[in-house]
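One structure is given below, encoded as structure tokens.
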Amino acid sequence: MAINVYNTLTRKKELFTPIEEGKVKMYVCGPTVYNYIHIGNARPAIVFDTVRRYFEYRGYDVHYVLNFTDVDDKLIKAANEMGEGVTEIANRFIDAYKEDVGALGVKEAVDHPRVTENMEEIISFIQGLVDKGYAYEAGGDVYFRTRSFDNYGKLSHQSVDELRSGSRIEVGDKKEDPLDFTLWKNAKPGEITWDSPWGTGRPGWHIECSAMAKKYLGDTIDIHAGGQDLTFPHHENEIAQSEAHNGESFARYWMHNGYINIDNEKMSKSLGNFILAHDLVKKHDPKVIRFFMLSVQYRHPINFSDELLKGAKSSFERIQNAYENIRHRKETAMSLQADRDEWMEKVHGFKEQFMKEMDDDFNTANAISVIFDLTKAANLYLQESQTHVDVLDAFEQTLEELLRVLGIQIGEETDLLDEEIDALIEERKQARKDRNFERADQIRDELKDRDIILEDTSQGTRWKRG
RNA sequence: GGCGGCAUAGCCAAGAGGUAAGGCAGAGGACUGCAACUCCUUUAUCACCGGUUCGAUUCCGGUUGCCGCCUCCA
């Protein structure tokens, strides 16, 4: 079995083969940290974290790099508005990013490079492009000479001439050609600046990723990923810069995730139809949010609404219930059973099926349906009058394992009930024995108010948090 | 104008050239003191029109509708 990845470059699914055996060098474009991220920004974080986790699950060592753009026009504007420094704002929102995305189960990247901490590399990268004739200085700015790079447009499948005829390209009087884009920006008075061979200024947006990918991962990387809207111009420009500069192919696989939509329209800061991850995580179980995002193939758009999230919650509860039921049943499990091996075999089969689905371009929607199949099998097993502890363990562990690949931690909550609650459950047990159902229901309602839900089963009463 | 995506049951969502996974919601039943959980049963001529084929919802062409990129944007 091998992993297939949809490559934007070729518009096909391709067999993944790493540059270096057993390793994946992966660069993901991170946020510009001038604000909290919205859930649209959270999607790539979750999706590519899942890609990473799956590679790791399959035994790869993943060098995962996610950058922070900590200086640009928006940050400068935000700094002016809030009367704070660019660095303070960047720091604040980097922390917020890590917190929000961490709540959603995203692992920390191996490297989190920041533009302001890689200024030397960026400047020398630009210098390299100037030296090779791919870039030129004009009035303190430096531009990339787009037409000098033959393969420009290969990622977005646009020809240079078609791009030119699009009327919305900024002309800019210093440019030789309207298609040229900025590598270095001359400082305006009062802006944060760095010294460079072209005077004081700061980098353009695209150059940072080329310079930092090179520094942290090398001239050619395995996977470069980001949101669909980065395909053009951002990633196209990165390719031009990196390949012009390094003389090597930049990234072997380009992955782009689809948008999150609100009422069928792209969620974006400029449209104002966004929901901050920071807020959503407080209102809903982050596990459910993540589950919801992964219930759709990553390249397809997801429509977002409270109602849909509610549906995801119900769905996820089915899995959670099965998991709790398995654990509860372990207390009364046996260790003798004729068809133990058959069941063990069966449980193992779900793992294989799960991998088969994930191998196909990380089809989490189908992978989740395999988890539901596993859930169903577990529920059926629990109907048996006798259960084997090995089989229950296998169900429990497989469920944990597969969900962990999706970045969803299940079952680590070990908060003990306080004695009071324990006592109430015990009292209710007695009341039921005495057929005092009035008191029994009273206790159940009381606990329900405290978010403890009781369930009576033939193996005794169990509880869960609502 | 250029490039691209999507259209599958009430809702969400996979999918393959041979009569369509999974989940939610609904209905009926089993279990239960009642619930909850769970189990069983139940719901689709896959936007429209042509073509290729023994056979297409899946391939090709066209139509319609929606969305995106071509400007900062995940």
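Hydrogens, waters and symmetry mates play no part in the numbers below; they use all other heavy atoms, side chains included. Protein chains get the first letters and strands the later ones, always in sequence-line order, with residue 1 at the start of each. Being a predicted model, the structure only gives us computed values, none of them experimental.
Looking at heavy-atom distances under 4.0 Å, A:Ile371 makes no contact with the nucleic acid at all.
If you check distances only, the side chain of A:Asp441 does reach the base of B:rG33 with a donor-acceptor pair under 3.5 Å. With hydrogens and angles left out, the side chain of A:Arg299 and the base of B:rG5 share no donor-acceptor pair within 3.5 Å.
Residue A:Arg11 places at least one side-chain N or O under 4.0 Å from the OP1 or OP2 atom of B:rG4. The phosphate of B:rA14 has neither OP1 nor OP2 within less than 4.0 Å of any side-chain N or O from A:Asn366. Not one side-chain nitrogen or oxygen of A:Asn321 sits closer than 4.0 Å to the OP1 or OP2 atom of B:rC37. For B:rG15, the OP1/OP2 oxygens have a side-chain nitrogen or oxygen of A:Asn363 closer than 4.0 Å. In this structure, A:Lys266 reaches the B:rC69 phosphate: one of its side-chain N or O atoms is under 4.0 Å from OP1 or OP2. Within the 4.0 Å cut-off from OP1 or OP2 of B:rA14, at least one side-chain nitrogen or oxygen of A:His300 is found. Distances shorter than 4.0 Å separate some side-chain N or O of A:Arg318 from OP1 or OP2 on B:rC39.
When only modelled atom types and interatomic distance are considered, A:Thr457 and A:Arg329 share no side-chain donor-acceptor pair under 3.5 Å. Between the side chains of A:Tyr36 and A:Asn41, no donor-acceptor pair is found at a separation under 3.5 Å.
By the 5.5 Å and 30° criteria, A:Phe372 is not stacked with the base of B:rG22.
Ranked by how close their nearest RNA chain B nucleotide is to the 5' end, A:Phe291 and A:Arg432 are led by A:Phe291.
A:Asp222 places no side-chain N or O within donor-acceptor distance of the main-chain N or O of A:Ala251, the cut-off being under 3.5 Å. Judged purely by atom type and a 3.5 angstrom limit, A:Lys175 uses its side chain to pair as donor or acceptor with the backbone of A:Asp180.
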